[in-house]
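Single-structure report; data block below.
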Amino acid sequence: DDLINCHLLAFLKRAQSETDADIVYCGALRFSDDVPDVFASDSYENHEIRVYDQEYAMTNAFGIAYTPTVWAEIIRKSLFDDLHFPDAKRAEDLWISYHLLNRCRKVAHFKSFAAYYYRITPGSAMTKITARHIEDDMKMRLDIFQTMFAGRYAVAAQKLARQTKRIFL
């Protein structure tokens with residue numbers, strides 16, 4: 001169901017090489033009926049790349065500096081040392097993203113390049129929320145809180161707490 005722009009990997013790799021960032025990411029767009037043109041002509045030079053240190057990215061992790069989505073990123077392999085995706089969890093990309101971010105030095109972001117397209121359909125996993133999903137999500141967010149508080153990211157943890165409150169209350 002998901003699509004990627006034909007330039008995605010080349011652009012991410014080039015940005016990683018030029019910035020020496022541990023994580024490089026671009027935006028993502030949701031679509032339903034109108035399939036995006038993933039082969040549209042584009043130039044790397046058309047896109048602004050912003051670079052953030054880890055502290056700034058972690059404390060502004062909701063849309064400003066880092067949007068936690070591993071499926072629109074290139075990530076330095078060494079960040080995964082002793083780190084694995086959790087088994088059978090909904091939103092496991094959110095969980096792993098914060099753990100990766102907690103290990104990185106620098107994040108690079110394509111400000112206006114959305115190259116990952118995900119389709120939401122009536123039967124997709126993202127439209128079926130069960131009590132188990134909510135329980136898994138709360139456990140995942142608790143683990144993220146503990147990870148951030150174990151570090152020095154109380155501001156980020158407070159933002160995540162506010163977002164969680166809006167979602168579940």
Side-chain angles (χ1 to χ4, degrees), residues 2-5 7-31 36 42-86 89-118 126 136-169:
D2 295 357
L3 303 169
I4 63 169
N5 182 290
H7 303 291
L8 174 65
L9 295 177
F11 283 16
L12 293 177
K13 182 61 180 156
R14 182 172 171 187
Q16 192 282 325
S17 178
E18 290 179 2
T19 64
D20 193 36
D22 295 316
I23 299 171
V24 181
Y25 77 99
C26 69
L29 297 173
R30 180 168 58 178
F31 73 100
D42 202 354
S43 172
Y44 180 83
E45 288 74 20
N46 290 339
H47 303 287
E48 178 185 352
I49 299 170
R50 293 191 175 173
V51 180
Y52 308 100
D53 66 18
Q54 185 239 18
E55 184 171 358
Y56 183 85
M58 189 68 142
T59 56
N60 293 282
F62 293 101
I64 297 171
Y66 180 69
T67 303
T69 53
V70 294
W71 30 259
E73 299 177 348
I74 190 168
I75 302 163
R76 191 175 305 276
K77 182 181 175 184
S78 61
L79 295 182
F80 281 99
D81 289 349
D82 301 320
L83 184 63
H84 306 282
F85 279 89
K89 297 288 183 198
R90 186 173 200 268
E92 70 281 354
D93 54 333
L94 181 66
W95 182 89
I96 199 96
S97 291
Y98 280 99
H99 287 277
L100 292 167
L101 188 58
N102 205 34
R103 295 173 174 210
C104 81
R105 296 171 297 110
K106 194 180 342 179
V107 175
H109 168 227
F110 278 90
K111 185 173 183 283
S112 62
F113 180 56
Y116 188 93
Y117 310 96
Y118 61 99
M126 295 307 290
D136 285 350
D137 191 75
M138 294 305 291
K139 287 178 183 176
M140 175 206 45
R141 288 172 187 270
L142 177 61
D143 182 69
I144 292 169
F145 288 143
Q146 291 169 338
T147 298
M148 289 189 291
F149 278 124
R152 57 188 184 281
Y153 302 106
V155 172
Q158 290 167 358
K159 287 181 182 180
L160 185 58
R162 284 193 300 274
Q163 182 195 40
T164 300
K165 196 181 280 186
R166 282 194 307 270
I167 291 170
F168 294 107
L169 296 180

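- Taking the side-chain contact (heavy atoms from CB on, under 4.5 Å) definition, one finds that Leu83 meets it with Trp95, Ile96, His99, Leu100, Arg103, sequence neighbours left out.
- Under the 3.5 Å distance criterion, the side-chain polar atoms of Glu73 are left unmatched by any main-chain donor or acceptor of Val24.
- No donor-acceptor pair under 3.5 Å is formed between the side chain of Gln54 and the backbone N or O of Val107.
- Here Cys104 contributes atom SG and Asp53 contributes atom CG; the two are 9.0 Å apart, rounded to the nearest 0.5 Å.
- Under a 3.5 Å cut-off, the side chain of Lys106 and the backbone N or O of Val51 do not form any donor-acceptor pair.
- Residues that satisfy the salt bridge (charged side-chain N to carboxylate O under 4.0 Å, His left out) test with Arg76, not counting sequence neighbours, are Asp20, Asp22.
- To the nearest 0.5 angstrom, Asp82 atom CG is 6.5 Å from His84 atom NE2.
- Using the six-membered ring where Trp is involved, His47 and Phe110 have ring planes that are perpendicular, over 60° apart on the 30 and 60° scheme.
- Looking at residues two or more places apart in sequence or on another chain, you find no ring-ring contact (aromatic ring centres under 6.0 Å, His included) involving Phe85.
- Between Tyr44 and Phe11, the ring planes are perpendicular. Angles over 60° get that label, and only those under 30° would be called parallel.
- In terms of the ring-ring contact (aromatic ring centres under 6.0 Å, His included) criterion, Tyr117 has no residue partners (sequence neighbours excluded).
- For the atom pair CG of Leu12 and CD1 of Ile75, the computed distance is 10.0 Å after rounding to the nearest 0.5 Å.
- Atom CD1 of residue Ile23 and atom OG of residue Ser97 lie 7.5 Å apart, to the nearest 0.5 angstrom.
- Every residue meeting the side-chain contact (heavy atoms from CB on, under 4.5 Å) condition with Ala72, not counting sequence neighbours, appears here in chain and number order: Cys26, Thr69, Tyr116.
- By the side chain to side chain donor-acceptor pair (under 3.5 Å) test, Glu45 is found to be paired with Arg14, Ser43, residues two or more places apart in sequence or in another chain being considered.
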